[in-house]
Amino acid sequence: MTDDLLHVIWLTLKVASVATALVVVPATALGYALARWDFRGKRLVSALAGLPLVLPPTAVGFLLLRLLAVDGPLGRNTLGFDLGLLLTWKAAVLAAAVMSIPLVIRTARVAFEGVEPRLEMMARTLGYSRIETFFRITLPLAGRGLLAGTLLGFTRALGEFGATVTLAGNIPGQTQTLASAIFSAQQVGDNSKADLFMLISLAVGFLAILGAELLSHDRRSSESGK
Amino acid sequence: MTSPASLTVDVRLELDRFELAVDFSLSQPVTGLFGASGAGKTSLLETIAGLRRGASGRVQLGDDVWLDSKAKRFVPPEQRSIGYVPQDGLLFPNMDARQNLLAGERRARASGQPIQETFESVVELLELAPLLDRDVRTLSGGERQRVALGRALCSGPRLLMLDEPLASLDMPLRRRLLPFLERVRSELTVPMLLVSHDPTEVQALCDDVVVLRQGRTIARGEPREVLRDPEVFSLAEDQSYENVLPAHLLRREEGTSIVRLGSGESSIELVIPRDDMSSGEVLIGIPANDILIAPDRPGRLSARNVLPARIIEIRPIDRRALVTADLGTGIPLAVEVTETTPAELGLKPGLDVFLVIKATSCRLYGEGDSSPEPNDYSAS
C-alpha cells in the first residue's frame, strides 16, 4: 500500500515536472512573440495555443491518440519506426504538456506585455543588443510573472486526467497518477484510498497555487514602494 | 571623453499627420530642438538614435554613417554611442540607482573611457552620492532625472540626446535641476541635442536652436534671437517670453541680493530677491511681461531696478508687441507691451528709455542647491 502510494506520488510529480520542463521554454518564447511581435497569422497562433483550454481533455487525448496511432501521421506506418509513447509514462507527459502549455503561454504573454517597451529601447541606446536586452532587462522584469505562470502550468499538469487516461491509460505502477488513482479507487469503492489520494492532491495543489499567488502578490506590493 | 564630432541629419519620415523633413548639422556644443508638442521632435530624436526605423535620408556623426537609406545602411541603436535621457527617466526598476548608472558600463569601457573616474565625477557633478543605494522606484521626479542623466553620461556617449528632460517636473523643481544641466554643459565636451518646448530652458542651455513645426524647420539660430521671432514665440509652452541672462552674484544685502549683468565698463547691477544658496555665476530669469518701459526717468518708485536702455527693435506678436532693448551690456532684454503701447509712447528703434523691473520679478536659476527636494512621488 505505501509502495503503491509512493509510486503514484512519485510518478505524478515526475510527469508534471518533465511536462513543465518541456513546456517552459517554447511557451515563454511564444508568449514573448505574441506580446512583442506583429506577424501574419498571430491571431490564429494565439487561438490554436489556447485551444486545449476550451476543449474537453478527453478530446485532446483522443486527438493525440489518433496522431500517434499505428496508422496516424506520427505512427509507425508513416514514420517507419515506433515512437513508443502510447500507454507509457511518456504519453502521460505528452498529455500533461499539451494541456498545460496554454496557461504558460498566456501568463508569459501577459508578463511580457507588462514590461514597458521603452525600457527595452533605453537599454538598446546603452549598448545592449536585442538578445542582451532580453536577458538583462525584459526577462528580469517579467521574471515573477513567468515563474507564476510556470507554477500554474505545473499545477495544471499535476491534476491532468482526461487526456492522460485517453493517451497513457490508467495502469497501476506504470501510468497511474494521482488523478487517475482517485478515479480507480472510487470506481472500486475503496473510499479510504480515494480520500488519501484526494488529500494529497489537495495539499500539493494548494501549495503550488499559494506559491503562484505569493509571487504575483509580492510583485504588486514591492512596486508600490518600500 | 572622446572628442566632439559633428552631427549631420538629413531625413524624411512619414508620420501620422505630416511628413518630417529636416536637414541640419550641429556645429555648436548644445543645440536645442524647439517646437510645440506634436511637432515631430521626439520622432526625430528616435530616428537619430536608431530607435525608429522607416526614415529615408542620412544621419552621420563625425565619420560614422548611422543611416544612409540609399546605401541601405542602418546602424542599430546599440552601436550608435548615444546617451539618451527621456522625459520620464526610464530607469530600470530591477536595478538600484548605482546599477542604473553603470548600466552602460560595458560600452563606456569599449570606448576606452576610464569608467571608475567617469562614474565618480558624474556622481559628484550631479550630487548622486546619497542616492546610489536607493531603489529607483522610490526616487522623486528630480532625483530620477538626475540618475537618468548620470546613466547616459556614464555610458561613454559621443552624443547626448535629452528629450524634454525637465518637462515632467513642476516649475520650482525645474528651476532647481536646470543648474545640473548647466554643469553638464559647461564641464563636459559631449555635444548635446536638447528637445524642449520651454524657452527658458533653451535660452539657458543652448548655443543654437532649431525650431520645428509640423515636421519642418521654420527657424534656426541663436536662441535669444530666434525665440523672439513671432512665429516661434507662439509655440512656447505658455506663450510667454522670459529673458534668461547670465549674471554674477556680487553680494547680499538685507532682503536682497545684487547681481552683475555683463562685464567690464558696460556692466550693470540688478537687485533681486535675496538668495542664500548660490554664489558665483548664475542665471537670472525676468519675464518679459514683468518689465515696464518708460520714455522718461520715472520719479520715486517701489521698483528697485530702473535701468537706462536703448530700443533695438519692436516686433508685433499676436495682439501684443515685443520691444527689445539693449542695456548696454550687449545682452538684449525683451519687454512685452500691449499692441498699441509703442505708438502711444512713441517708442521706436534707437530711442533711449528706462526699464523698470521689480526685484521680486527676477528669478534666480542658481548653482545646484543640494537641499532635499520635497517628496514628489507624484511629480510624473
Side-chain angles (χ1 to χ4, degrees), chain A residues 28 31-33 35-40 42 107-151 212 214-226, chain B residues 42 45-46 48-53 75-96 99-111 113 134-140 148 150-163 375 377-378:
Chain A
T28 304
Y32 181 80
R36 279 290 186 268
W37 298 340
D38 274 321
F39 51 88
R40 279 170 68 94
K42 179 169 164 173
T107 42
R109 179 181 182 171
V110 171
F112 285 126
E113 280 172 347
V115 176
E116 168 67 78
R118 293 175 63 237
L119 282 173
E120 296 170 348
M121 280 167 56
M122 190 70 232
R124 301 286 305 280
T125 70
L126 287 165
Y128 297 18
S129 68
R130 273 177 192 281
I131 291 173
E132 287 166 328
T133 300
F134 178 78
F135 283 106
R136 292 192 54 180
I137 304 298
T138 317
L139 206 54
L141 288 177
R144 283 174 186 281
L146 295 177
L147 211 56
T150 306
L151 214 49
L214 283 176
L215 277 174
S216 52
H217 180 75
D218 194 34
R219 179 167 61 156
R220 273 197 296 276
S221 64
S222 64
E223 266 168 10
S224 61
K226 287 181 183 170
Chain B
T42 297
L45 273 203
E46 288 176 356
I48 296 171
L51 296 172
R52 184 185 271 264
R53 301 195 70 143
V75 175
E78 62 267 28
Q79 288 165 27
R80 295 193 182 196
S81 301
I82 278 172
Y84 188 56
V85 182
Q87 254 186 60
D88 49 352
L90 284 179
L91 299 180
F92 301 124
N94 54 327
M95 308 179 184
D96 65 21
Q99 290 166 329
N100 265 281
L101 286 169
L102 291 171
E105 185 184 359
R106 201 193 46 198
R107 187 180 67 201
R109 281 187 206 285
S111 73
Q113 238 186 49
R134 292 267 299 276
D135 179 333
V136 296
R137 289 169 296 195
T138 66
L139 296 180
S140 71
R151 176 178 61 183
L153 293 173
C154 287
S155 69
R158 294 174 59 207
L159 174 69
L160 267 181
M161 300 209 304
L162 314 185
D163 189 358
N375 268 338
Y377 291 94
S378 56

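Letters A, B, ... are given to chains in the order of the sequence lines, protein chains preceding strands, and every chain is numbered from 1.
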query = How close do A/L119 and B/L90 get, heavy atom to heavy atom, and via which atoms?
reply = CD2-O, 3.5 Å
request  = Would you mind telling me which of B/P86, B/P93, B/A110, B/A148 has the largest number of heavy-atom pairs within less than 4.5 Å of chain A?
outcome  = B/P93
inquiry  = Looking only at heavy atoms and a cut-off of under 4.5 Å, which of B/C154, B/P77, B/A152, B/G104 has the most pairs with chain A?
reply    = B/P77
inquiry  = With a 4.5 angstrom heavy-atom cut-off, is it the side chain or the backbone of B/E105 that approaches chain A, or both, or neither?
reply    = neither
message = Please classify the contact between B/M95 and chain A as side chain, backbone, both or neither, with a heavy-atom cut-off of under 4.5 Å.
response = side chain
message = Tell me which pairs pass salt bridge (charged side-chain N to carboxylate O under 4.0 Å, His left out) where either residue lies in residues 125-138 of chain A, with sequence neighbours left out.
response = A/E132-B/R106
request  = Not counting sequence neighbours, list each pair that qualifies as a salt bridge (charged side-chain N to carboxylate O under 4.0 Å, His left out) and has a residue in residues 113-129 of chain A.
outcome  = A/R36-A/E120, A/R109-A/E113, A/R118-B/D88, A/R124-B/E78
key: Reported CZ-to-CG distance for the pair A/R144 and B/N94, which is rounded to 0.5 angstrom   = 11.5 Å
key: A/T125 and B/S155, any side-chain heavy atoms less than 4.5 Å apart   = no
